[in-house]
Amino acid sequence: QGGDAPEDKTQGRKKVDEIYNTWEDTEDTTMMWTLISSNQVDELRAWLEDDPTIAFIRSRDGRGPMWWAFEQRNDQITKMLMKAGVPHTDRDAKGLTPVDLLEGKNPSEG
């Protein structure tokens, strides 16, 4: 047996799931989009170090930092988010993954 599982790790996972499954436009999603779209890597890194769960926020359309990083084709931020554990295969409200944005797919094209 592996000994005691740290309780805070379970709590942290629960918080991440809660954040990741809540789709709403907030000041945080706006700030995250702004940092990513204007390539403010150092500011984003500092925010993630202060609050790692913020990497999992999602806006009302189901998109979040990973979608925006792929959309901007920003390898540095994409790698930072992957390192934080953010998936890149989930779908937004239109069924698009972050990778789809990289490939230029548009939901209206079918």
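Given the structure is predicted, the values throughout are model-derived calculations rather than measurements. All values below come from the heavy atoms of this structure, side chains included, with hydrogens, waters and symmetry mates left out.
Closest non-hydrogen pair, M32 versus W68, comes out as CG-CZ3, 3.7 Å. A pairwise comparison of heavy atoms in A69 and T78 identifies CB-OG1, 3.5 Å as the closest pair.
Here side-chain hydrogen bond (donor to acceptor under 3.5 Å, both in side chains) pairs that include residues 51-62, with residues two or more places apart or in two chains, are D25-R60, D51-T53, S59-D61.
Side-chain contact annotation: S38 with Q40, donor-acceptor N/O pair under 3.5 Å present.
Relative orientation of the F70 and H88 rings is parallel, given thresholds of 30° and 60° on the angle between their planes.
A distance of 12.5 Å separates CD of E43 from CD1 of I36, quoted to the nearest 0.5 Å. With values rounded to the nearest 0.5 angstrom, I54 atom CD1 is found 10.5 Å from L35 atom CG. Distance check: Y20 OH to R13 CZ gives 9.5 Å after rounding to the nearest 0.5 Å.
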- Report the C-alpha distance between I77 and N39 in whole Å, list the side-chain angles of each, state the deciding distance to 0.1 Å, and finish with yes or no for side chain to side chain contact (heavy atoms under 4.5 Å, CB included). CA-CA 8 Å; I77 292 177; N39 194 31; 4.2 Å; yes
- Query: Given K79 and D75, is the salt bridge (Lys or Arg N to Asp or Glu O under 4.0 Å) satisfied, shown in steps?
  - Reply: CA-CA 6 Å; K79 286 176 183 158; D75 288 343; 5.2 Å; no
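Remark: R45 engages V41, D42, E49, Q76, M80 in a side chain to side chain contact (heavy atoms under 4.5 Å, CB included) (not counting sequence neighbours).
Judged by distance alone, the side chain of W23 and the main-chain N or O of D92 form no donor-acceptor pair under 3.5 Å. Not one N or O on the side chain of D50 forms a donor-acceptor pair closer than 3.5 Å with the backbone of W47.
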